[in-house]
Amino acid sequence: MDWHGYLVPWCGVFGAAALVGYGRSLAGMTRAQRTVRVRGRIERVDEPRHGSSPEDGIGVVVSFQDPSTGQEFTVTNDGERGERTRVAWTGREIGVRYPPGRPHAYRFVNDPSEGGRGLGWPTFALLLCYAGPVTVLAIDRGWPWALLGFCGPWALSAAYHLPGNIRDRNRRLDRLAAMAAVPGRFVAVLRSVTVDDDGYTSSRLVPVLAFTTLDGRAVTAYCESNLPDAARARGLDATVHYAPDDPAVFVLDVEAARRSWKLDMAVNVVGLLVVATAAVVGAVAL
């Protein structure tokens, strides 16, 4: 069987998967759409134990209400309970999701507004379906088809999202300029050790930072910035710059954060120029 023979079942399978997925989304039948999402409230925060694993997250006790029954639940994030809690304070809202009628099967999400329509896998299937004909065209008629077929949509997508990325960057810079500064202290250093198939051992260190906001919120947070000597961070003091409306957004070095966000935008612009140029080269070379 040649390339064209493989193309038909390839496009048929992934095209059908995409159609089924989009159809389920339109009908409101995807798992993401049927999942119950509520806002929980952190009632207690436990300070992580020095030397424990960062995979456990910050221990919290959360209360939430099941909207279908009105029943109140008070639960913890012990064990496999969704996303790890990296920043916590008493009173913070946290997302809770669970299957309909099964609040005891709860999972946590750090963003209470996080949701979705379950379009991730259908879109991926559609992308694979599209990639089949482009690949066959590139093999039959030459590399310009690959440049045009793959870089063209990529460039259009990047150009579509670039204004939003610029607005987001500007909002971040404005928020950075409005940050409040308070003293903080590293209360623990968490460590995880992994061993690869060749027996090589690597360690990951995550300092835990504690600080109190100007309005009295006691925040415990993973500090995943690149500290010079993270292993010895416990007990050290630091100046924490945080967003007054959301203490989960904080930095230790304002200027470094500003440079990083500006560099990130420059990378986005350069990436757009590269893929757009590649698409133009492919079109001209046809």
Side-chain angles (χ1 to χ4, degrees), residues 14-49 52-127 161 164 167-168 171 175 190 208 210 213 215-222 224 242-250:
F14 289 113
L19 286 174
V20 170
Y22 284 115
R24 284 171 54 84
S25 178
L26 289 173
M29 297 173 57
T30 65
R31 181 178 180 181
Q33 290 169 316
R34 290 185 292 108
T35 297
V36 179
R37 289 181 171 83
V38 298
R39 290 175 180 263
R41 183 182 185 276
I42 295 179
E43 304 291 347
R44 193 184 77 222
V45 179
D46 297 328
E47 184 177 298
R49 180 174 54 85
S52 60
S53 172
E55 305 303 322
D56 298 334
I58 299 170
V60 294
V61 175
V62 175
S63 63
F64 68 92
Q65 183 181 60
D66 182 10
S68 63
T69 64
Q71 184 176 359
E72 292 278 352
F73 294 87
T74 301
V75 298
T76 70
N77 61 343
D78 293 338
E80 296 294 329
R81 289 297 181 180
E83 297 179 6
R84 286 172 292 172
T85 303
R86 292 181 171 87
V87 184
W89 62 86
T90 301
R92 185 190 184 191
E93 286 191 336
I94 187 170
V96 184
R97 60 179 175 84
Y98 51 88
R102 297 175 56 197
H104 293 289
Y106 63 91
R107 294 290 185 271
F108 292 120
V109 292
N110 290 319
D111 184 357
S113 62
E114 183 177 324
R117 294 179 294 168
L119 296 178
W121 285 112
T123 301
F124 181 61
L126 183 63
L127 177 63
H161 288 96
R167 289 192 296 270
D168 181 62
R171 282 195 297 268
R175 172 177 274 187
L190 311 183
V208 179
T213 63
D215 57 358
R217 287 174 286 184
V219 180
T220 303
Y222 282 8
E224 301 185 85
Y242 73 94
D245 61 329
D246 184 7
V249 180
F250 68 91

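None of these values were measured; they are calculated from a predicted model. Quick note: numbers below take in every heavy atom, side chains included, and nothing from hydrogens, waters or symmetry partners.
Counting only residues at least two apart or in different chains, side chain to side chain donor-acceptor pair (under 3.5 Å) contacts with residues 96-105 comprise D66-Y98. Pairs passing the salt bridge (charged side-chain N to carboxylate O under 4.0 Å, His left out) check and including a residue from residues 14-24, sequence neighbours excluded, do not occur.
Every residue two or more places apart in sequence or in another chain that forms a side chain to side chain contact (heavy atoms under 4.5 Å, CB included) with D168 is listed here: R171, R172. Contacts of E47 classified as salt bridge (Lys or Arg N to Asp or Glu O under 4.0 Å), with partners at least two apart in sequence or in another chain: none. In this view, D246 satisfies the side chain to side chain donor-acceptor pair (under 3.5 Å) rule with no residue, not counting sequence neighbours. Not a single salt bridge (Lys or Arg N to Asp or Glu O under 4.0 Å) links R49 to another residue, sequence neighbours left out. Every residue two or more places apart in sequence or in another chain was checked for a side chain to side chain donor-acceptor pair (under 3.5 Å) with D56, and none qualifies. Scored by the side chain to side chain donor-acceptor pair (under 3.5 Å) test, R107 finds no partners at all (sequence neighbours excluded). By the salt bridge (Lys or Arg N to Asp or Glu O under 4.0 Å) test, E72 pairs with no residue at all, sequence neighbours left out. Evaluation of the ring-ring contact (aromatic ring centres under 6.0 Å, His included) rule for F108 yields Y106 as partners, not counting sequence neighbours. Shown here are the side chain to side chain contact (heavy atoms under 4.5 Å, CB included) partners of A17, two or more places apart in sequence or in another chain: A125. Here R117 pairs with nothing under the salt bridge (Lys or Arg N to Asp or Glu O under 4.0 Å) rule; sequence neighbours left out.
Put simply, the side chain of T35 gets close to the backbone of R31: a donor and an acceptor are under 3.5 Å apart. Put simply, the side chain of Y242 never gets that close to the backbone of T213: no donor and acceptor are under 3.5 Å apart.
Two residues are said to be in side-chain contact when any heavy atoms from C-beta on lie closer than 4.5 Å; V219 and R92 fail this criterion. A 4.5 Å side-chain heavy-atom check between P48 and T220 finds at least one atom pair inside the cut-off. At a threshold of 4.5 Å between non-hydrogen side-chain atoms, the residues V87 and F250 count as touching. V62 is not listed as a side-chain neighbour of N77, based on a closest heavy-atom distance of 4.5 Å or more. Residues Q71 and P103 form no side-chain contact, since every pair of their non-hydrogen atoms from C-beta on lies 4.5 Å or further apart.
In terms of heavy atoms, P122 sits closest to A18 at O-CB, 3.6 Å. Closest approach of N110 to R84, counting heavy atoms only: ND2-O, 3.0 Å. Scanning all heavy atoms of the two residues, the minimum distance from P247 to W89 falls at CD-CH2, 3.6 Å. The minimum heavy-atom distance linking A88 with I42 is given by the pair CB-CD1, 4.0 Å. The shortest heavy-atom contact between A105 and R81 is C-NH1, 4.2 Å. Summarising the geometry of I58 relative to D46, their closest heavy-atom pair is CG2-O, 3.7 Å, with the distance given to 0.1 Å.
Expressed to the nearest 0.5 Å, how far CZ of F73 lies from CD of Q65 amounts to 9.5 Å. We find the CD-CG distance between E83 and D111 to be 8.5 Å, quoted to the nearest 0.5 Å. Taking CD from E43 and OG1 from T76, the interatomic distance works out to 13.0 Å, rounded to the nearest 0.5 Å. Atoms CG and CZ, on L127 and F14 in that order, are 10.0 Å from each other to the nearest 0.5 Å.
At a cut-off of 3.5 Å, with distance as the only test, a side-chain donor of T123 or Y22 sits close to an acceptor on the other residue.
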